[in-house]
Amino acid sequence: MSGDGLHRTILDPIIPYVGTIFERLEPGAMVVIHGSVAHNADRFQIDFQCGSSQNPRSDVAFHFNPRFRGSGVIVCNTLQNERWGWEEKTYQMPFRKGTPFEVIFLVLHNKFQVSSNGKHLLTYKHRINLEKVDTLGIYGMVTINQIGFAHQAIQPTSLALTSMNSIQASQDSLNFKIPYTGNLLNALSPGRTVVVKGEISKNAKSFSINLKPSGSSDIALHLNPRVNEKVFVRNTYLYDSWGEEERQLHEFPFFPDMYFELLIYCEAHQYRVAVNGHHLLEYKHRFQDLAKINELTVHGDIQLYDVRAW
């Protein structure tokens, strides 16, 4: 997730920090934190709290706790009625002593999704109703430069593509059932953008996004993240045959149970693809007649939330 577009910020708060969350934590809410870990840190924590009481202690809906002993671990938990639940741990540790960091908490309908320094980190399913969360607490050996709040639409909304199954933007068409086929209102051309928003299934193997001419078997751009293999295949299907696959990628950006926004930007000679606000790859045009590309299809192991083009 990108941390751009913040509409409320808190600068250089004193730690420990306990402050009211003025933005309602509903799906699409984002909390973006910039800071640095102390050189001698053993741990710090970021808590999404249900109030600020110390005695009795307020419930904590989401306790995010990087610990630096040994190789490092991030512990996540929930505190209810002054009792901790079961710990969820990840040993993927993006935080380093004495080093600046960015961490983004994105609220989804059933979980928090956390990324750090531009990379997906973890998800944490809600154990407490989000309506009770009104306080952010930051504690431990950490310096915070900025806390920011933002919001983005992540649920199905109005169609920017017309559905092949339902031309009108009826409520049924907002379900974005997989497999999905939609017509671009205007054919592809340099400067056009297509955005696909969705959530990868927990046991996903792969999914695909295709740009193609309607009524043809040709596929101008085939994007195929294979989640179980951690491979992102790009290709073109012409004359009843697949071309040479492109697989090279610095880092695979997709994970099971992850919300994503994939953006395709069409240039004169290539496509540029970004995921969650970060540029990922380029793909040179093999299907040259861009004006014929007027259809998008989505298949595979995802829940599709939205498809837009402009």
Side-chain contact test, heavy atoms from C-beta onward, threshold under 4.5 Å: evaluate it for N294 versus L188 and give yes or no. no

For the NZ atom on K205, are there more than 12 heavy atoms of other groups (residues, nucleotides or ligands in this structure) within a distance under 6.0 Å? no

Is there a donor-acceptor contact under 3.5 Å linking the side chains of T78 and Y124? yes

Applying the ring pair (Phe, Tyr, Trp, His ring centres under 6.0 Å) test to F105, which of F64, F149, F112 qualifies? F64

Identify the two heavy atoms, one from I293 and one from A220, that lie closest to each other, and give their separation to 0.1 Å. CD1-CB, 3.4 Å

About how many Å separate CD1 of I147 and CD1 of I33, when rounded to the nearest 0.5 Å? 5.5 Å

To the nearest 0.5 Å, how far apart are CG in L108 and CG in L130? 10.0 Å

Side-chain donor-acceptor pairs of residues 82-90 under 3.5 Å, sequence neighbours excluded:
residue, atom, partner, partner atom, Å
E82, OE2, R57, N, 3.0
E88, OE2, R127, NH2, 3.0
T90, OG1, Q92, N, 3.3

Any side-chain heavy atom of K284 within less than 4.5 Å of one from Y271? no

Can you list every salt bridge (charged side-chain N to carboxylate O under 4.0 Å, His left out) pair that touches residues 130-139, not counting sequence neighbours? R24-E131

Can you list the steps and then say if R226 with N228 is a side-chain hydrogen bond (donor to acceptor under 3.5 Å, both in side chains)? CA-CA 6 Å; R226 300 176 183 176; N228 57 340; over 6 Å; no

Residue pair T297 / N210, side-chain donor-acceptor N/O under 3.5 Å: yes

Answer yes or no: is there a donor N or O on one side and an acceptor on the other, between the side chain of H285 and the main chain of Q270, under 3.5 Å? yes

Between atom CD1 of I144 and atom CG of L136, what is the distance when rounded to the nearest 0.5 Å? 9.0 Å

Students should find that the hydrophobic cluster of L263, defined by side-chain heavy atoms under 4.5 Å apart, otherwise consists of V195, Y265, W310

For G140 and I15, work out which heavy atoms get closest and say how close. O-CG2, 3.6 Å

Looking at every heavy atom in both H278 and G118, which two are closest together, and how far apart are they? NE2-CA, 3.4 Å

Could you tell me if the side chain of H151 sits less than 4.5 Å from the side chain of E26, heavy atoms only? yes

For N145 against S36, the heavy-atom pair lying closest together: OD1-N, 4.5 Å

Close side-chain approach of S115 to V103, heavy-atom, < 4.5 Å: no

Could you tell me if the side chain of C266 sits less than 4.5 Å from the side chain of T193, heavy atoms only? no

Measuring from atom CD1 of I104 to atom CG of L121, what distance do you get when rounded to the nearest 0.5 angstrom? 11.5 Å

Please list every donor-acceptor pair under 3.5 Å in which a side-chain atom of residues 67-75 meets a protein atom from a residue at least two apart or in another chain.
residue, atom, partner, partner atom, Å
R67, NE, N65, OD1, 2.6
R67, NH2, N65, OD1, 3.1

Roughly how far apart are D257 CG and K125 NZ, rounded to 0.5 Å? 4.0 Å

According to salt bridge (charged side-chain N to carboxylate O under 4.0 Å, His left out), does anything in residues 208-221 pair up with another residue at least two apart or in another chain? List the pairs. K212-E295

Ring centres of F101 and H34 under 6.0 Å apart? no

Heavy-atom side-chain proximity of R308 to V194 below 4.5 angstrom: no

Report all side-chain donor-acceptor pairs from residues 242-255 shorter than 3.5 Å, counting only partners two or more places apart or in another chain.
residue, atom, partner, partner atom, Å
E245, OE1, R247, NE, 2.8
E245, OE1, R247, NH2, 3.1
E246, OE2, R286, NH2, 3.1
E251, OE1, K119, NZ, 3.1

Looking at every heavy atom in both M141 and F44, which two are closest together, and how far apart are they? N-CB, 4.0 Å

So do I128 and F62 actually touch side chain to side chain, heavy atoms under 4.5 Å? no

For the atom pair CG (L211) and CD1 (I219), what is the distance rounded to the nearest 0.5 Å? 10.0 Å

Can you confirm whether the side chains of H63 and N77 place a donor and an acceptor under 3.5 Å from each other? no

Can you tell if the side chain of R272 reaches within under 4.5 Å of the side chain of Y283, non-hydrogen atoms only? no

Tested for side-chain hydrogen bond (donor to acceptor under 3.5 Å, both in side chains) against E199, the lone hit among Q113, K111, H109, Q303 is K111

Apply ring pair (Phe, Tyr, Trp, His ring centres under 6.0 Å) to Y237 and F287, showing your working. CA-CA 9 Å; Y237 189 81; F287 187 100; over 10 Å; no

Which atom names give the shortest non-hydrogen contact between A291 and A187, and what distance separates them? O-CB, 3.1 Å

Can you confirm whether more than 12 heavy atoms, excluding those of L11, are under 6.0 Å from its CG atom? yes

